[in-house]
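The structure under discussion appears below in the form of structure tokens.
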Amino acid sequence: MISISAAIYIVKQNGKTLLQSTIKKVEKAGGYELFEDVLSPINMPPFRQSAMDGYALNLHDILSYKLIGEVKAGDGHEPQLKKGEAVRIFTGAPVPESANAVMMQEKVAVDGGTIRISEQIPLEHNIRPLGEQVKAGAIALKKGTKLTPAAIGYLISLGIYQVSLFKKPNIAIVTTGNELIDAGEDLPYGKIYESNSKMLLSALYNLKFYDATLYKVEDDYTKTVKTLKGAIDNNDLVLITGGISVGDYDFVGKALRELQVEELFYKVKQKPGKPLFYGKKEDTQVFALPGNPAAALSCFYVYVYIALQQMMHRKDLELPRIKAKAINGFVKKGDRPQFLKGIYNDGQIEILDGQNSSMLQTFALSNALVFAPEDISTINIGDALEVILLPQ
């Protein structure tokens, strides 16, 4: 067995950055990073724009103005104002070139065709300049920018409808086991509902990784080799659940050796998730996760997460780790470091009951993993603990 820190180091050292690009419509690009700088095709705003509802003025020395018209948002006409003239104007409407300030309507008194402003205002008051946000030809967003909802709205406001993005990995999720059946079917004696694949798929979707394919294989050596070969040949990352231990019907390790997958480590001194395999074949990374669901998900967040972030050339490879005070006690069994499910809130952590690697109920309630080192056997109220914040 190797240590947790050694396993994390090996994953980081062997990670692969994907450098291919893909073209997507902007509205479908959420969570992706830009493959290249995006230049603005227009000025934004594309014209001098009123910042509020009010009156556009051609300023002069007195407070009274002659009202000669109106400009609404979307209007294409441009009234010509002489000194001392004004037009009614609305937020977002184009300000005529002959106007040089906008007075908000709350400070204007209207009397028929004449208005009176409450005070003198400076030139360009309440006018958004042409290209104030970005000039035509300037960089709108830089290469590597992650596209948030705000970024997508911004690009679309510039008339950009598609962008070049860093391609995300193709991912295979392989489940093994004769005992597994799909939810919705009747549950015969001796069978269990297969949840790991959908759990991992959901974890990937939550991180905005959508190109995932599910594979299912029985406990048969020949079929295991064939399925794993197809998964490895056609994907950048392969996640296998189950079949990696040393039981009579655990064929994954043997199949990976036959397929000449380079073993980078197998078994980590930790709980849950001791029987974790990490290897690679050419450019494809392979994680064989434990079959117990809580162990598989813990390993996903501690190790697979790193590989995914590296593939997307991100700087923050690990989930955030913070210190929190325990609000309850816990007795750790065994000498292995443990990842304990807990609920973090405002600097405090509650360690939950039900830490068995086969149980997901506790994991379903948790928003954090508590790291309990091997040299700690008892956690007391008030102890400062290292906490890994899970994606929500």
Side-chain angles (χ1 to χ4, degrees), residues 25-30 32-165:
K25 290 184 177 180
V26 173
E27 63 264 30
K28 301 289 187 181
Y32 282 81
E33 285 88 28
L34 291 172
F35 188 76
E36 57 192 12
D37 293 346
V38 175
L39 305 182
S40 178
I42 62 170
N43 292 303
M44 178 52 69
F47 44 80
R48 295 168 71 239
Q49 197 175 57
S50 178
M52 58 187 58
D53 295 344
Y55 295 83
L57 314 172
N58 189 326
L59 293 173
H60 65 164
D61 294 334
I62 61 176
L63 299 180
S64 295
Y65 288 82
K66 179 182 179 183
L67 187 60
I68 66 166
E70 178 181 271
V71 181
K72 304 185 299 297
D75 280 354
H77 70 280
E78 186 177 2
Q80 296 300 312
L81 284 71
K82 299 174 183 175
K83 278 189 178 297
E85 292 184 338
V87 291
R88 180 79 165 106
I89 200 164
F90 299 89
T91 304
V95 177
E97 288 299 321
S98 52
N100 49 23
V102 172
M103 174 62 89
M104 64 169 57
Q105 62 185 17
E106 292 83 356
K107 294 185 177 182
V108 176
V110 183
D111 182 10
T114 301
I115 66 168
R116 183 176 180 83
I117 63 175
S118 60
E119 60 192 29
Q120 293 289 6
I121 55 175
L123 290 171
E124 303 302 314
H125 190 62
N126 292 328
I127 297 176
R128 300 168 184 159
L130 175 77
E132 178 186 33
Q133 193 170 177
V134 65
K135 298 284 195 301
I139 295 176
L141 291 176
K142 292 184 177 180
K143 175 181 178 178
T145 300
K146 186 174 182 179
L147 294 185
T148 62
I152 287 171
Y154 172 49
L155 292 177
I156 291 176
S157 76
L158 300 177
I160 297 168
Y161 65 94
Q162 65 180 22
V163 283
S164 178
L165 307 164

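Values reported hereafter were calculated over all heavy atoms of this structure, with side chains retained and with hydrogens, waters and symmetry mates removed.
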Residue pair L165, L34: steps toward the side chain to side chain contact (heavy atoms under 4.5 Å, CB included) verdict
CA-CA 4 Å; L165 307 164; L34 291 172; 4.0 Å; yes
Write down the atom of [X], the atom of [Y], and the distance for their closest heavy-atom approach.
{"X": "G92", "Y": "A73", "answer": "C-CB, 4.3 Å"}
{"X": "M104", "Y": "N126", "answer": "N-ND2, 4.1 Å"}
{"X": "V26", "Y": "Q162", "answer": "CG2-N, 3.6 Å"}
{"X": "V102", "Y": "I121", "answer": "O-CD1, 3.8 Å"}
{"X": "A56", "Y": "V95", "answer": "CB-CG1, 4.5 Å"}

Sequence neighbours excluded, which residues qualify as side chain to side chain donor-acceptor pair (under 3.5 Å) partners of [X]?
{"X": "E132", "value": "none"}
{"X": "S64", "value": "R116"}
{"X": "E85", "value": "none"}

Listed by chain and number, what are the salt bridge (charged side-chain N to carboxylate O under 4.0 Å, His left out) partners of K135, not counting sequence neighbours?
none
Counterpart residues, salt bridge (charged side-chain N to carboxylate O under 4.0 Å, His left out), relative to K107 (two or more places apart):
E119
Should V163 and L147 be marked as a side chain to side chain contact (heavy atoms under 4.5 Å, CB included) after you check the CA-CA gap, both sets of side-chain angles, and the distance that decides it?
CA-CA 10 Å; V163 283; L147 294 185; 4.3 Å; yes
Return the set of residues passing side chain to side chain contact (heavy atoms under 4.5 Å, CB included) with [X] (not counting sequence neighbours), or none when no residue passes.
{"X": "Y154", "answer": "Q133, V134, A140, L141, S157, L158"}
{"X": "I62", "answer": "H60"}
{"X": "P94", "answer": "F47, V71"}

Pairs in or reaching into residues 96-106: which pass side chain to side chain donor-acceptor pair (under 3.5 Å), with residues at least two apart or in two chains?
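Every pair satisfying side chain to side chain donor-acceptor pair (under 3.5 Å) with a residue in residues 96-106: R88-Q105.
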If you look only at pairs with a residue in residues 34-53, which of them pass as a side chain to side chain donor-acceptor pair (under 3.5 Å), with sequence neighbours excluded?
R48-E124, Q49-R128, D53-T91
Taking the side chain as every heavy atom from C-beta outward, state whether V38 and T145 have any pair of such atoms under 4.5 Å apart.
no
Are Y55 and V110 packed together at the side-chain level, in the sense that at least one heavy-atom pair is separated by less than 4.5 angstrom?
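Yes - at least one pair of side-chain heavy atoms lies under 4.5 Å apart.
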Can you list every pair that meets salt bridge (charged side-chain N to carboxylate O under 4.0 Å, His left out) and has a residue in residues 57-73, with sequence neighbours left out?
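Listed by first then second residue: K72-D75.
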Scan for salt bridge (charged side-chain N to carboxylate O under 4.0 Å, His left out) pairs involving residues 141-159, sequence neighbours excluded, and state none if there are none.
none
Quick check on side chain to side chain contact (heavy atoms under 4.5 Å, CB included): which of N58, L59, V87, L81 does Y65 satisfy it with?
L59
From CG (L63) to CG (L57), nearest 0.5 Å:
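If I round to the nearest 0.5 Å, the distance is 10.5 Å.
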Could you grab the distance from atom CD1 of I160 to atom CD1 of I152, nearest 0.5 Å is fine?
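Those atoms lie 12.5 Å apart.
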